[in-house]
Amino acid sequence: RGLTAASDAGYRLMRVQLDSTSLYSDSKTCYAPGARVPVGSPGGCGAGCQFAHTVLDYSSQYLFNQAIATSAAIVGKPDVYPSMGSSAKAWAPRDANSGAEHITFGIKKPVYVTGIVVYETNHPGAVIEVLGRRNENTPWISVWSGAVSPPAGTNQRVNGVVGTAARRWVVPGVKGSRSERLQQFKIVLDTAGVLEHNEIDAVEIHGDDVDGTPLSDFSPACGADNGVGGTYTGDCWRTCGAD
């Protein structure tokens, strides 16, 4: 807006200094009409984000219908969310309300962790700690710990039924180490603190590379129409408009 002496303490001119180097470090920002910027593929969670890639260990796992193992269900993008309820497509410990349980998984590339998102699709809120490490030869580092956090209206039995919910939980206050890139993660649950079977559908790990910039999207090829009779085989892109 225009500045006047009366409304802005006598200042008629203002100088604004921008750090253009910082601006251009954002690979998703449009700087010129017609330029193409990556936006990630539909099967992934975007630049700087990786889903769990492989399960390394677990304290126990629920056998859905007494036959289908659920530990591998934590790998990849959400299969249940935003739906809720018990599913073979989400990991759950073998027994409900049994106390401490955990699942350990790896991601494709180590990162300096900047954020974690957990997709909980049945009786959420039992996660009490997330740990990370570079590999099995390095010690675990706690990147977050806290108390159980069931959403309002859940974790109480009414007429014999315990309310449930599905939530995309952004883990608060993640403190990733800047001295160590992490590739393996352990999610710890207090199943005694949240009634019934607690199920996790997927996990996002957000992080930076060694130069401080977000990693590329590690999701599968998007297969979107590239506008010239084919499909993109890597990240999806969008073309910058005049606005």
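None of these values were measured; they are calculated from a predicted model.
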Does the side chain of [X] reach to within under 4.5 Å of the side chain of [Y], using non-hydrogen atoms?
X    : Y    : result
E180 : L182 : yes
F185 : I103 : no
I187 : I200 : yes
E120 : S149 : no
Q61  : P93  : no
V117 : V171 : no
V148 : I128 : yes

Report task. Sorted by first residue and then second, give each salt bridge (Lys or Arg N to Asp or Glu O under 4.0 Å) pair with at least one member in residues 47-62; sequence neighbours left out. Result ->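 Applying salt bridge (Lys or Arg N to Asp or Glu O under 4.0 Å) to every pair that reaches into residues 47-62, excluding sequence neighbours, yields nothing.
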
**Report entry** Salt-bridge contact K89-E199 (side-chain N to carboxylate O under 4.0 Å)
**Finding:**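 Between E199 and K89 there is no salt bridge, as every charged N stays at least 4.0 Å from the carboxylate O atoms.
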
Query raised in the report: Hey, is E204 close enough to R168 for a salt bridge, meaning N to O under 4.0 Å?
Result: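 Here E204 pairs with R168 in a salt bridge, since their nearest N and O are under 4.0 Å apart.
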
**Report entry** More than 12 heavy atoms from other groups under 6.0 Å of CZ on R94
**Finding:**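 Atom CZ in R94 is not crowded, with 12 or fewer foreign heavy atoms closer than 6.0 Å.
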
Query raised in the report: Is the gap between the ring centers of H53 and F105 under 6.0 Å?
Result: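 Between H53 and F105, the centre distance exceeds or equals 6.0 Å.
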
Query raised in the report: So, for A165 and P124, which heavy atoms are closest and what is the spacing to 0.1 Å?
Result: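 Heavy atoms of A165 and P124 come nearest at O-CD, 3.4 Å.
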
**Report entry** Atom of I107, atom of F51 and distance for their closest heavy-atom approach
**Finding:**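 Heavy atoms only, the tightest pair is CG2-O, 3.8 Å.
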
**Report entry** Listed partners of Y81 passing ring-ring contact (aromatic ring centres under 6.0 Å, His included), at least two apart
**Finding:**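 Result, ring-ring contact (aromatic ring centres under 6.0 Å, His included) vs Y81: Y119.
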
Report task. Could you walk me through whether T164 and N122 pass the side-chain hydrogen bond (donor to acceptor under 3.5 Å, both in side chains) test, one step at a time? Result -> CA-CA 6 Å; T164 188; N122 199 36; 3.1 Å; yes

Report summary line: Only one of T191, N97, V162, N155 passes side chain to side chain contact (heavy atoms under 4.5 Å, CB included) with H123, and that residue is V162

Report task. For ring-ring contact (aromatic ring centres under 6.0 Å, His included), just list the numbers for H197 and Y62, CA-CA rounded to whole Å, side-chain angles, deciding distance to a tenth of an Å, and then say yes or no. Result -> CA-CA 9 Å; H197 275 101; Y62 180 71; 4.7 Å; yes

Query raised in the report: Shared ILVMFWY cluster between V203 and V143, side chains joined below 4.5 angstrom?
Result: yes

